[in-house]
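Working notes for the structure below.
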Amino acid sequence: MTAKTMTTSSAAGARSVLLPAIAAFAIGFGLIFVSGLVQAETLHDAAHDTRHAVGFPCH
Amino acid sequence: MTRVTPSASPATEMFSRIVTSGLIAGAAAGLIAALLQLWFVQPVLLHAELYESGQLTHFGAETVSAHQDLGPFEWSRNMLSVLFTMMVYAGYGLMLVALMAVTEVQGNTVSARQGLLWGLAGFVTMQLAPAFGLAPEVPGVAAADVQLRAIWWLGTAVATGLALWLIVFGKGWAAWGAAIILIIAPHLIGAPQPDSYAGPVPPELAAEFAGRSLGVGAMAWTLLGLLSGWLWQREAQGAPVPQAA
């Protein structure tokens, strides 16, 4: 009984964490992708020094 | 007029906790990273660009002084760098705190002290492991096709991050064995390399650039981990009690 209650509450806990965590992770990755990896010329020129300094492949 | 704010769902509340901690830690670490870069990395980059543009020639007819006038401080260029560095670290912060949140469901408690280790793991994942195959490039070095390098770079970061996760949170030799394979595989496959070494930049500058880039990364990442862990812990402690203005 106790074990069952714990399983249910931890499953609910996992649900309420997993979705927001995935969303935040995806936004974070989007920021890095845009500032670090997209090769569009304007973006590349503006982020040029940062890309070199943080070790992203540039040019 | 009084309005009763409907209490947010647990998922929404969790999302705002992750975003708040991640963005604040990321912006702060990013600002420090940007300042360190402007001071320690940018002069090497500007110096290398003199060779990249052909203003200076390495091993030409004349000996070139290692001390060059790098021109005045370029405000718009450098402010863009600050902005983008903060964006990059905000991204790192969001990803780091999102992962911290996931481990808490499994009973892990994140603290500032543990955050320091998270930061080091992040540094290894996003900078050290990719640098093992593709050293941070100064402008003007010879390199393979940028798309191929980006794919290898991203694949290495993903594999290394996954491997570190398995080492820390995996149980048993199956997980640890998989971790070892994931860590070493990108380097056995090998990063895309140029066909010939035709870069006009002196190797001394390229080496200095790589060392400084990694050094600044290590400083900024440990700070990011520390701040993320600390802010996340604070948010977690404050979470059950609604803030009264």
Side-chain angles (χ1 to χ4, degrees), chain A, chain B residues 9-19 22 26 33-34 37 41-42 45 77-78 80-85 87-99 101-102 104-106 126-127 130-131 134-139 143 146-147 149-150 152-154 209-210 212-214 216-217:
Chain A
M1 180 67 195
T2 320
K4 195 182 173 198
T5 319
M6 276 179 68
T7 316
T8 322
S9 81
S10 98
R15 262 201 307 279
S16 67
V17 169
L18 215 53
L19 206 63
I22 290 170
F25 191 90
I27 296 170
F29 180 76
L31 280 174
I32 291 161
F33 194 75
V34 168
S35 46
L37 297 170
V38 173
Q39 287 298 322
E41 199 174 329
T42 321
L43 207 53
H44 169 274
D45 291 351
H48 174 267
D49 296 355
T50 297
R51 288 180 179 195
H52 277 284
V54 297
F56 291 133
C58 202
H59 299 290
Chain B
S9 76
T12 316
E13 216 165 88
M14 177 58 67
F15 181 71
S16 80
R17 278 175 60 200
I18 295 173
V19 170
Q37 276 167 16
V41 184
Q42 192 68 7
L45 188 147
R77 176 176 181 170
N78 291 333
L80 275 173
S81 296
V82 172
L83 178 76
F84 276 101
T85 306
M87 256 175 79
V88 168
Y89 276 88
Y92 288 156
L94 285 176
M95 291 165 82
L96 201 64
V97 176
L99 293 173
V102 171
E104 286 214 326
V105 184
Q106 286 150 358
M126 301 301 287
Q127 283 197 264
L134 295 171
E137 300 158 33
V138 77
V146 67
Q147 297 290 350
R149 280 182 292 139
W152 185 89
W153 188 94
L154 209 54
F209 186 85
R212 292 215 163 165
S213 163
L214 287 173
V216 166

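Please read all numbers here as calculations on a predicted model, not as lab measurements. Every chain is numbered from 1, with letters handed out A, B, ... down the list of sequences.
Between the side chains of B:Q37 and B:T85, at least one donor N or O sits under 3.5 Å from an acceptor N or O.
Of the listed residues (A:T50, A:D45, A:L19), the greatest number of heavy-atom pairs within a distance under 4.5 Å of chain B belongs to A:T50. By number of non-hydrogen pairs under 4.5 angstrom with chain A, the leading residue of B:P139, B:A101, B:G22, B:A135 is B:P139. Chain A forms the most heavy-atom pairs under 4.5 Å with one residue out of B:V216, B:L154, B:V146, and that residue is B:V146. Residue with the most contacts toward chain A among B:V138, B:T12, B:V97, B:V41: B:V138 (heavy-atom pairs, distance under 4.5 Å). Each of A:G55, A:G30, A:C58 has some count of heavy-atom pairs under 4.5 Å with chain B, and the biggest count is that of A:C58. Between chain A and the options B:M126, B:Q42, B:M95, heavy-atom pairs under 4.5 Å are most frequent for B:M95.
Taking the side chain as every heavy atom from C-beta outward, B:R17 and A:P20 never approach each other to under 4.5 Å. Contact annotation: the side chain of B:M14 never approaches that of B:E104 to less than 4.5 Å [non-hydrogen atoms, C-beta and beyond].
A:I27 touches chain B through backbone and side chain together, each having a heavy atom under 4.5 Å away. Only the side chain of B:Q147 has a heavy atom closer than 4.5 Å to any heavy atom of chain A. Looking at B:L96, there are no atoms closer than 4.5 Å to chain A (heavy atoms on both sides), in backbone or side chain. Neither the backbone nor the side chain of B:P130 comes within contact range of chain A, judged by heavy atoms closer than 4.5 Å.
Listed for the A:R51 side chain is no donor-acceptor partner under 3.5 Å among the backbone atoms of A:P57. Distance alone, capped at 3.5 Å, is enough to place a donor-acceptor pair between the A:S35 side chain and the A:L31 backbone.
When all heavy atoms of A:H52 and B:P136 are compared, the closest pair comes out as O-CB, 4.4 Å.
Ring orientation note: the planes of A:F56 and B:Y92 are tilted relative to one another, at an angle of 30° to 60°.
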